Amino acid sequence: MAAVPPEGTETRIGLFVDVETTGLDPTSDEIIELAMLPFTYGLDGTIFNVGMRFQQFREPSQPIPAAISALTGITDEMVAGNAIAAAEVAAFVSPASLVIAHNAAFDRRFLERLSDAFITKPWACSMTQIDWAGEGFEGTKLAYLATGAGFFYERHRAFQDCAAAVELLSLSLPKAAMPAMSRLLERARLSNWRIWAENSPFGLKDVLKARGYRWNAEGSQSPRSWYIDVDDDAKESELSYLRTEIYRREVDIKRRKITAYDRFSDRS
């Protein structure tokens with residue numbers, strides 16, 4: 001994958017990121033490897049070339065769990081004495097117009113705790129913001145998608161995951177007949193709304209769940225309640241549904257506009 005953009009083509013820098021961690025909780029688990037891979041893309045989603053990679057290990061405060069070492073191949077000996085240089089990370093992230101991860105809801109929460117550079121950038125998710133099932137792929141895991149696209153790679157290491165994902169984004173989708181990156185950009189550019197059904201009747205929880213609402217139990221910056229994410233053009237109809245079918249009265253409903261700048265973060 002190496003091509004010179006045609007003369008006059010407007011391009012941007014994308015940055016694919018991946019972390020290996022000691023566990024799933026960004027508030028208590030730690031990053032043990034960070035990889036980043038920059039690439040140049042056109043506004044239509046065409047990927048032209050890939051830059052030099054960034055890859056660093058980090059020694060966590062506790063020994064790496066055996067299950068994580070078995071999964072990733074990363075051992076305590078490999079990370080001993082290593083740290084991820086904050087200044088180097090910030091400099092590497094700075095030119096990027098868009099940060100992408102395969103499961104951005106996981107990676108973004110870890111990386112924003114590592115460096116403020118990730119807070120100021122718009123993000124996209126190559127796992128959830130492309131309709132892989134609609135394109136005929138079985139599953140959304142990166143390994144499944146790569147196999148379906150006809151190539152294989154060494155799994156569960158951050159840099160190999162980045163390289164495989166960028167390769168996948170450069171390929172033409174079977175049904176849409178356009179680069180996967182193009183579809184990703186379409187979704188990333190859209191805003192959507194998170195709507196909370198605060199203090200909704202307990203007896204209607206199954207109704208909300210069946211409609212696609214999820215329960216937020218964290219109660220951090222968001223209320224402990226059922227919520228749903230809807231596209232911009234569906235906001236008013238969803239608010240009307242809550243007032244007529246759930247509350248059955250006029251009520252001020254909490255909602256928040258979400259863009260690529262806060263999507264997948266703890267702020268959304």
Side-chain angles (χ1 to χ4, degrees), residues 1-2 14-26 29 31-39 41 44-50 53-55 64-74 98-111 122-190 192 212 214 229 231 260 263-265 268:
M1 188 192 320
L15 185 67
F16 207 98
V17 300
D18 189 65
V19 294
E20 301 297 345
T21 67
T22 58
L24 302 178
D25 186 348
D29 293 309
I31 295 173
I32 54 176
E33 183 183 25
L34 166 62
M36 300 187 284
L37 189 64
F39 61 94
Y41 67 92
D44 65 350
T46 301
I47 295 178
F48 294 107
N49 51 59
V50 177
R53 72 178 183 180
F54 176 105
Q55 187 273 331
I64 299 172
I68 298 298
S69 290
L71 180 68
T72 65
I74 301 174
L98 181 67
V99 178
I100 308 169
H102 201 74
N103 193 5
F106 176 83
D107 294 78
R108 183 166 196 173
R109 286 176 167 88
F110 274 96
L111 286 172
W123 279 65
C125 181
S126 58
M127 183 176 75
T128 63
Q129 291 187 294
I130 297 173
D131 184 10
W132 295 111
E135 292 292 333
F137 289 85
E138 296 181 4
T140 58
K141 288 185 177 181
L142 187 55
Y144 294 163
L145 296 172
T147 300
F151 68 93
F152 302 89
Y153 71 101
E154 183 182 348
R155 298 165 56 186
H156 300 307
R157 286 299 304 277
F159 170 66
Q160 285 83 355
D161 284 352
C162 288
V166 173
E167 175 70 20
L168 189 67
L169 289 175
S170 73
L171 301 178
S172 181
L173 292 170
K175 296 182 180 179
M178 63 175 62
M181 182 67 181
S182 180
R183 276 287 190 245
L184 182 62
L185 290 174
E186 287 178 3
R187 293 298 303 171
R189 289 165 178 156
L190 295 176
N192 62 294
R214 291 172 288 175
D229 292 337
D231 290 339
R263 190 176 290 128
F264 310 118
S265 75
S268 61

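Only a predicted model underlies this, so the values are computations on that prediction, with no experimental measurement involved. The basis for the numbers below is simple: all heavy atoms, side chains too, and nothing from hydrogens, waters or symmetry mates.
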Subject >> Test side chain to side chain contact (heavy atoms under 4.5 Å, CB included) applied to L34 and F110, step by step >> reply: CA-CA 10 Å; L34 166 62; F110 274 96; over 6 Å; no
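Taking Q55 as the reference, E33 meet the side-chain hydrogen bond (donor to acceptor under 3.5 Å, both in side chains) condition, with sequence neighbours excluded. For T128, the side chain to side chain contact (heavy atoms under 4.5 Å, CB included) criterion is met by C125, F264, not counting sequence neighbours. In this structure, R263 has no salt bridge (charged side-chain N to carboxylate O under 4.0 Å, His left out) partners at least two apart in sequence or on a different chain. With sequence neighbours excluded, the residues satisfying side-chain hydrogen bond (donor to acceptor under 3.5 Å, both in side chains) with R214 are D229.
Pairs of residues two or more places apart, or lying in two chains, never qualify as side chain to side chain donor-acceptor pair (under 3.5 Å) while including a residue from residues 133-144.
For the atom pair CG of L171 and CZ of F151, the computed distance is 6.0 Å after rounding to the nearest 0.5 Å. Once rounded to the nearest 0.5 Å, the distance linking CG of L111 with CH2 of W123 reads 4.5 Å. Separating the CG atom in L173 from the CG atom in D131 is a distance of 9.5 Å, to the nearest 0.5 Å. One distance of note links CG of D161 with CD of E20; it measures 6.0 Å at 0.5 Å rounding.
Under the 3.5 Å distance criterion, the side-chain polar atoms of W132 are matched with a main-chain donor or acceptor of S126. Between the side chain of D18 and the backbone N or O of H102 there is no donor-acceptor pair closer than 3.5 Å. Although no hydrogens or angles enter the test, the distance criterion places a donor-acceptor pair under 3.5 Å between the side chain of S69 and the main chain of I74. A donor-acceptor distance shorter than 3.5 angstrom exists from the side chain of S170 to the backbone of E167, with no hydrogens or angles considered.
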When the side chains of residues 180-190 are checked against the rest of the protein, which donor-acceptor pairs come out under 3.5 Å, sequence neighbours left out?
| unit_1 | atom_1 | unit_2 | atom_2 | d |
| --- | --- | --- | --- | --- |
| S182 | OG | D44 | O | 3.2 |
| R183 | NH1 | E186 | OE1 | 3.0 |
| R183 | NH1 | E186 | OE2 | 3.3 |
| R187 | NH2 | D231 | OD1 | 3.4 |
| R189 | NH2 | L43 | O | 3.1 |

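Closest heavy-atom contact between V17 and C162: C-SG, 3.8 Å.
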